[in-house]
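Values below: every heavy atom of this structure, side chains too, minus hydrogens, waters and symmetry copies.
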Amino acid sequence: MSASATQSSRPRPSQERLPAMAKPNNQSALSRRMFLIGIAGTAATFAFAPETATAQGPALFEPTIWYSVDRDGIVTVNIARAEMGQHIGTAIARILADELELEWSNVRISMVDADPKWGVMVTGGSKSVWLDFPTYSRAGAAGRIALVEAGANLLGVSPSQCVARQGAVFAANRSISYGEIIGRGEPARKFTPEELARLPIKSPSTRQLIGKKADALDIPAKINGTARYGIDAAVPGMVYARPKIPPTRYGSVVRTVDDSAAKRVKGYLASLVLEDPSNTVPGWVVVCATSYPAAIRAADLVKVDWTAGVAAQVSEQDILDYGARQIAVPRGGALVVDDPDVDSAFRAAVSTLERTYTTRSVLHAQLEPVNALAFEKDGHFEIHTGSQAQSTILPVLAQALGLPQDRIIMRTYPMGGAFGRRLNTDYAVPAALVAKVLGKPVKLVLTRPDDMRFDSFRSPSIQTLRLAFDQQGKVTGMEHHASAGWPTGVYVAPANMPKTPDGTPYDPFAIDGADHWYSVGAQRVRALSNDLANTAFRPGYLRAVSPGWTNWAAESFMDEAARMVGADAVAFRIGLLDGAGRNAGASPNATGGAKRQAAVLRRAAEKAGWGAAMPTGTGLGVATTFGQARSMPTWTACVARVRIDRGSGAVSVEKLTIVVDAGTLIHPDGALAQVEGGALWGLSMALHEGTEFHKGQVKDTNFHSYTPLRMGDAPELDIEFIESTETPVGLGEPGTTVVAPAIGNAIFAATGVRLRHLPIRPAAVLAALASKK
């Protein structure tokens with residue numbers, strides 16, 4: 001959040017803000033606006049609320065709930081998406097500011113607290129800009145029209161003689177600023193829902209801010225230390241808490257608690273065995289103290305005897321073996337794509353190719369460990385924390401506390417990293433439960449080992465892919481079977497998940513990416529919920545989620561298929577990206593379809609010097625993806641240049657060449673940062689990261705053994721965006737998923753050995769080299 005931004009809150013009895021934080025903006029102004037625009041998705045309605053303005057005019061003009069304009073012409077944009085380093089407020093404000101015709105220096109952002117009026121508050125899946133572009137564009141257009149009409153009236157001319165530009169309305173050689181218009185009388189305009197839906201927005205050629213370089217609004221506060229994260233939240237009289245993490249995520253039962261040693265710690269208060277009706281933190285003991293250092297020391301001394309859940313007998317290989325058994329059964333699971341001709345295509349095939357790929361569990365390990373401050377005030381419970389999914393944790397908190405949702409207030413904070421971990425805001429539940437028991441504000445903070453053990457990490461996965469070829473080597477059929485834990489299946493009821501054509505619920509975040517844009521003849525995509533994973537731990541969303549494993553398998557497999565038929569890896573893929581049939585794409589989100597994916601692949605290969613001779617031990621590998629989901633494709637291609645040390649098995653990535661077509665770029669600097677960060681994490685998960693689930697717990701609990709990419713191992717990055725005026729789509733995650741298969745394919749090009757498991761460790765490279773001799 002920028003230093004000049006404010007934080008808004010709904011007008012409730014507990015509206016008072018933390019003393020050290022920015023004050024909320026003037027919520028009473030909501031009752032003075034002349035009209036409201038309520039927007040959900042791409043549909044919108046105006047509700048007329050007449051009010052008599054004061055002689056001096058209103059303090060704020062609020063044509064929609066999404067922003068306000070004050071008498072100085074300062075525009076505050078309300079952002080309902082979570083800030084976790086991606087500068088989402090800047091991107092969204094840029095959309096509105098362009099349509100409203102503003103000076104960028106007059107724009108502020110307000111990260112709003114949870115309230116039903118904002119709609120569903122969830123930030124994930126790289127969907128924020130894609131979802132919010134229509135909303136904020138129309139909101140800006142509505143305000144611009146209203147201001148032009150009011151300005152024309154004050155200038156004594158027709159609105160058709162006026163134009164809005166840089167925060168003012170111009171008519172010939174005269175002008176009036178937005179601030180002055182508001183000061184002299186609030187604009188009044190009514191729109192029907194039909195009129196709003198037809199409101200014209202700018203053509204790409206007339207945009208002044210979108211796609212142009214600009215400073216992110218939240219950077220100053222992050223640099224000068226004034227940004228307030230959840231871990232900074234404080235209120236007078238609060239106590240601190242640290243949990244004792246039970247031996248299994250589910251099923252652990254506390255038998256005894258011995259806090260005799262902890263009582264010697266100055267400031268120690270109590271050790272509480274939580275009773276959690278929501279079953280979010282079963283078996284938890286929370287240690288409370290007057291300071292956080294005391295809570296840490298005391299928790300280390302408290303001894304808890306648990307009866308562990310059944311997951312204490314489950315390890316990583318058990319989960320992969322379970323998945324292999326699921327895949328081996330011909331039917332079952334969710335058939336996301338099921339062409340009736342698949343079986344006949346394989347029966348008629350002259351040759352077939354079948355391969356199995358696996359991935360390890362991966363931790364989030366975000367910089368800021370999870371935390372929450374909770375307290376009851378005036379009959380309401382306030383939760384102060386960083387969350388990517390305020391709307392989904394509210395009903396869980398209501399169940400845990402035995403309160404209606406409207407008595408729980410979620411306060412918004414920027415996050416020091418999230419990457420999907422904070423889509424599961426489970427850490428707010430124990431803080432609230434302890435606060436309810438103690439009757440005091442409670443600040444719960446997890447240490448790094450606590451955080452890693454309590455992580456809702458990315459599930460291990462196993463996938464089997466098959467291709468059928470005819471006599472000419474043409475692909476005539478393909479199957480993709482994937483087994484992994486289902487994060488959405490755990491988080492929400494199956495009835496709320498999407499359904500396959502035959503009506504079977506499935507988790508798109510466990511299969512997206514497998515339903516690719518290649519023309520492969522008859523196709524089958526089968527998603528299998530690994531029930532052993534689902535019950536052993538809580539599968540989570542980790543940056544890119546399923547494409548992190550489905551694309552690893554699909555693009556490694558495409559490389560193997562090209563080698564099998566003796567084709568160039570790039571040419572083979574381009575031949576399948578012909579845009580035929582369902583791969584033609586459709587407006588507005590996937591205009592051009594597979595042909596746009598072929599275009600980024602060609603460009604990446606050209607930039608990287610594909611086909612040139614490489615030094616001994618060095619190779620180029622390629623991969624391409626469409627990002628998260630077919631409904632919102634971000635066309636991406638990567639060529640990795642790697643060097644292999646045959647003595648140690650170490651893989652050095654020298655360069656990543658990445659080309660992206662994300663449609664219209666709203667904030668180019670932010671887009672570049674997103675792809676850079678995503679690509680480096682993709683590299684990190686390809687070669688460095690990856691834990692192991694062992695008898696109910698992850699093996700790695702700190703960075704001495706969990707070793708993400710270090711700066712010294714970061715390669716040269718050459719990133720290019722295709723210039724486009726198409727629908728803006730997601731950028732937070734596609735760069736993550738395309739890197740690992742490109743590296744794996746480059747290793748094969750350099751050595752002739754194929755690795756089918758992530759992460760790729762030096763020992764695995766050495767073993768593969770040895771078996772090749």
Minimum heavy-atom separation for [X] to [Y], with atom names?
X: Leu433; Y: Leu401; answer: N-CD2, 4.3 Å
X: Arg360; Y: Glu316; answer: CA-OE2, 3.3 Å
X: Ala114; Y: Gln390; answer: CB-CB, 4.0 Å
X: Lys117; Y: Ile65; answer: O-CD1, 3.4 Å
X: Asp507; Y: Trp486; answer: OD2-C, 3.3 Å
X: Ala262; Y: Val302; answer: CB-CG2, 3.7 Å

When the ring planes of Phe457 and Phe693 are compared, do they come out parallel, tilted or perpendicular, using 30° and 60° as the limits?
-> tilted
May I ask you to decide if the ring planes of Tyr541 and Phe509 are parallel, tilted or perpendicular, using 30° and 60° as cut-offs?
-> perpendicular
Does any donor atom in the side chain of Asp451 or Gln366 lie under 3.5 Å from an acceptor atom in the other side chain?
->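 Looking only at side-chain atoms, Gln366 and Asp451 do form a donor-acceptor pair, the distance falling under 3.5 Å.
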Do Ser529 and Asn534 meet the criterion of a side-chain donor-acceptor pair at a distance under 3.5 Å?
-> yes
Just by distance, do the side chain of [X] and the backbone of [Y] share a donor-acceptor pair under 3.5 Å?
X: Gln697; Y: Pro247; value: yes
X: Arg81; Y: Thr123; value: no
X: Arg761; Y: His688; value: yes
X: Glu83; Y: Pro414; value: no
X: Ser110; Y: Asn78; value: no
X: Asn224; Y: Pro220; value: yes

Carefully, step by step, assess Glu689 and Trp681 under the rule side-chain hydrogen bond (donor to acceptor under 3.5 Å, both in side chains).
-> CA-CA 9 Å; Glu689 292 190 53; Trp681 199 352; 2.8 Å; yes
Got Thr447 and Tyr292 here, is their nearest side-chain heavy-atom distance under 4.5 Å?
->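 SC-SC contact between Thr447 and Tyr292 confirmed.
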Phe375 side, atom CZ; Lys440 side, atom NZ - distance, nearest 0.5 Å = 15.5 Å
Rounding to 0.5 Å, atoms CG (Asp113) and NE2 (His384) come to a distance of 8.0 Å
Under 4.0 Å between a Lys/Arg side-chain N and an Asp/Glu carboxylate O for Arg421 and Asp426?
->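 The answer is yes: the pair qualifies as a salt bridge.
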In plain terms, say whether Lys377 and Glu382 are close enough for a salt bridge, that is, a side-chain N and a carboxylate O under 4.0 Å apart.
->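 Salt bridge absent between Lys377 and Glu382.
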Only one of Asp455, Asp700, Thr701 forms a side-chain hydrogen bond (donor to acceptor under 3.5 Å, both in side chains) with Thr691, so which one is it?
->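 For Thr691, the side-chain hydrogen bond (donor to acceptor under 3.5 Å, both in side chains) check succeeds only for Asp700.
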Which of these, Thr358, Thr550, Thr359, sits in a side-chain hydrogen bond (donor to acceptor under 3.5 Å, both in side chains) with Ser461?
->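 The single option meeting the side-chain hydrogen bond (donor to acceptor under 3.5 Å, both in side chains) with Ser461 is Thr359.
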Tell me whether the centres of the aromatic rings in Trp284 and Trp306 are closer together than 6.0 Å.
-> no
Examine Phe454 together with Tyr427 and report whether their ring centres are nearer than 6.0 Å.
-> no
Neighbour count above 12 (heavy atom, 6.0 Å) for Glu692 CD = yes
Audit row: Ser126, Gln628, side-chain hydrogen bond (donor to acceptor under 3.5 Å, both in side chains) steps and yes/no | CA-CA 8 Å; Ser126 300; Gln628 289 299 104; 5.1 Å; no
